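Written out below as structure tokens is the structure these notes cover.
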Amino acid sequence: IDKEDIEQHLAYKFGESWNLLLKSSRNFLTTGKFLYFAMCQESENFDFSPVVIEYSKALEKEIYEKIFRAFRDRTSVKVDKNLIFNEFLKGTKDLTLGQMSYILNSIEQNSEFNNFLNQLFLDYNNYFHNYNFPKKLEKFIYKFRNKSAHIEPITKEICEECDSYLLEEPIRLLINFLIIYNNKKF
């Protein structure tokens with residue numbers, strides 16, 4: 001298993017979006033694929049949780065940096081109805097993937113955060129409401145991330161389903177996030 005081969009494989013899957021990923025996210029995904037291939041060569045009876053955790057870290061890093069940290073860095077708003085979001089906006093708490101999902105699933109219309117997201121994403125309404133990114137993120141967390149991080153083993157098949165959920169049609173959660181993300185500097 002060669003790291004460069006894995007990176008080329010992932011770059012092919014992501015297409016132009018590969019270079020939109022943060023360097024740390026590309027590393028998490030490469031590590032996850034490396035672990036997957038290494039485990040498959042030895043036996044299919046491994047717990048594939050480490051692979052899913054690496055994928056989860058990539059998704060979490062992208063959402064944290066590109067949505068939440070970007071909002072905190074660009075806004076003067078330091079008060080929100082959500083107490084956890086409040087602590088984050090004040091700089092006293094970091095957010096977990098689950099907390100970010102909860103916040104994205106409870107955005108108030110006409111809030112400054114909603115307006116920020118509308119500027120940040122191309123076709124925000126379609127992406128957040130028709131494609132329903134927040135609900136798909138929540139499903140990823142419950143179906144893959146939480147199971148891998150706690151006491152339930154992840155089979156090879158569930159790991160492959162996770163990979164597909166992030167990178168393949170029809171969901172492509174991570175790739176679609178990068179495509180619709182506006183990547184412009186404010």
Side-chain angles (χ1 to χ4, degrees), residues 1-70 84 88 93-106 127-128 131-181 183:
I1 305 168
D2 181 58
K3 182 182 178 193
E4 286 185 22
D5 290 342
I6 293 170
E7 287 175 341
Q8 287 178 350
H9 168 76
L10 287 167
Y12 175 78
K13 273 191 158 186
F14 274 85
E16 294 175 8
S17 299
W18 179 248
N19 291 323
L20 297 177
L21 285 165
L22 299 166
K23 185 178 180 181
S24 57
S25 299
R26 289 193 304 265
N27 189 50
F28 293 144
L29 292 168
T30 302
T31 301
K33 273 294 184 193
F34 175 85
L35 291 170
Y36 172 80
F37 289 132
M39 291 171 155
C40 287
Q41 284 181 349
E42 293 298 318
S43 167
E44 294 188 9
N45 296 325
F46 276 108
D47 175 4
F48 284 77
S49 294
V51 178
V52 174
I53 288 171
E54 291 297 317
Y55 292 167
S56 299
K57 286 165 47 178
L59 182 61
E60 183 171 357
K61 183 72 170 173
E62 292 296 315
I63 293 169
Y64 181 83
E65 294 294 335
K66 293 179 177 172
I67 295 179
F68 288 91
R69 183 179 230 161
I84 294 169
F88 170 75
K93 179 173 181 54
D94 284 329
L95 296 172
T96 66
L97 187 59
Q99 291 165 335
M100 291 185 283
S101 173
Y102 179 79
I103 292 165
L104 290 172
N105 274 293
S106 58
Y127 184 61
F128 269 71
Y131 174 78
N132 208 348
F133 172 74
K135 288 292 180 203
K136 285 179 171 60
L137 175 60
E138 181 178 37
K139 181 179 177 182
F140 172 84
I141 292 166
Y142 287 113
K143 190 169 187 176
F144 304 113
R145 189 266 171 212
N146 284 356
K147 289 180 180 180
S148 68
H150 298 294
I151 61 172
E152 193 168 326
I154 299 295
T155 64
K156 179 183 178 193
E157 292 74 27
I158 293 172
C159 179
E160 290 170 346
E161 189 179 339
C162 174
D163 182 278
S164 179
Y165 195 83
L166 288 176
L167 308 178
E168 305 290 337
E169 292 289 353
I171 304 298
R172 292 180 6 151
L173 188 67
L174 184 54
I175 292 177
N176 283 340
F177 174 81
L178 294 169
I179 290 170
I180 219 76
Y181 173 73
N183 206 28

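Everything numeric here is computed off the predicted structure, so don't read it as measured data.
The 12-atom threshold is exceeded at NZ of Lys136, counting heavy atoms of other residues, nucleotides or ligands nearer than 6.0 Å.
The distance from atom CG of Leu167 to atom CG of Leu173, rounded to the nearest 0.5 Å, is 9.5 Å. Taken to the nearest 0.5 Å, the CG atom of Asp47 stands 7.0 Å off from the CD1 atom of Ile154. From Leu104, atom CG reaches atom CZ of Phe128 across 5.0 Å, with rounding to the nearest 0.5 Å. Between the NE2 atom in His9 and the CD1 atom in Ile6 there is a gap of 8.5 Å [rounded to 0.5 Å]. Rounded to the nearest 0.5 Å, atoms CD (Glu7) and CZ (Phe14) are 12.5 Å apart.
Between Thr96 and Met100, the closest side-chain pair of non-hydrogen atoms is not below 4.5 Å. The closest side-chain heavy-atom distance from Met39 to Val51 is below 4.5 Å.
Scored by the side chain to side chain donor-acceptor pair (under 3.5 Å) test, Tyr131 finds Asn176 as partners (sequence neighbours excluded). Evaluation of the side-chain contact (heavy atoms from CB on, under 4.5 Å) rule for Ala11 yields Trp18 as partners, not counting sequence neighbours. With sequence neighbours excluded, no residue satisfies ring pair (Phe, Tyr, Trp, His ring centres under 6.0 Å) with Tyr102. Applying the salt bridge (Lys or Arg N to Asp or Glu O under 4.0 Å) rule to Lys93 yields no partners; only residues at least two apart in sequence or on another chain are considered. Asp2 is linked by a side-chain contact (heavy atoms from CB on, under 4.5 Å) to Glu4, Asp5, counting only residues two or more places apart in sequence or in another chain. Listed by chain and number, the residues in a side chain to side chain donor-acceptor pair (under 3.5 Å) with Gln8 amount to none (sequence neighbours excluded). With sequence neighbours excluded, the residues satisfying side-chain contact (heavy atoms from CB on, under 4.5 Å) with Ser101 are Asn105, Leu137, Glu138, Ile141. Under the rule for a ring pair (Phe, Tyr, Trp, His ring centres under 6.0 Å), the partners of Phe140 that lie at least two apart in sequence or sit in another chain are Phe144. Residues satisfying the side-chain contact (heavy atoms from CB on, under 4.5 Å) criterion with Glu160, sequence neighbours excluded, are Tyr36, Lys156.
The closest donor-acceptor contact from the side chain of Ser17 to the backbone of Leu20 lies at 3.5 Å or more, if one exists at all.
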Please output the side-chain donor-acceptor pairs of residues 56-64 that fall under 3.5 Å, not counting sequence neighbours, one pair per line with the distance.
from	atom 1	to	atom 2	distance (Å)
Ser56	OG	Val52	O	2.9
Lys57	NZ	Glu54	OE2	3.2
Glu60	OE2	Leu97	N	3.4
Lys61	NZ	Glu65	OE2	3.3
Glu62	OE1	Lys66	NZ	2.4
Glu62	OE2	Leu22	N	2.8
Glu62	OE2	Ser25	OG	2.6
Tyr64	OH	Asp94	OD1	2.9

Could you go through residues 27-35 and list every donor-acceptor pair under 3.5 Å that involves a side-chain atom there, pairing it with any protein atom two or more places apart or in another chain?
from	atom 1	to	atom 2	distance (Å)
Thr30	OG1	Arg26	O	2.8
Thr31	OG1	Asn27	O	2.8
Lys33	NZ	Asp163	OD2	2.9

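Pairs of residues two or more places apart, or lying in two chains, that qualify as salt bridge (charged side-chain N to carboxylate O under 4.0 Å, His left out) and include a residue from residues 141-154 are Lys143-Glu161.
Looking at every heavy atom in both residues, Ala149 comes nearest to Ile53 through CA-CD1, 4.3 Å. Considering all non-hydrogen atoms of both residues, Tyr127 and Phe177 come closest at OH-CA, 3.1 Å.
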Pair Lys139-Tyr165, side-chain contact (heavy atoms from CB on, under 4.5 Å): steps then yes or no: CA-CA 10 Å; Lys139 181 179 177 182; Tyr165 195 83; 3.5 Å; yes
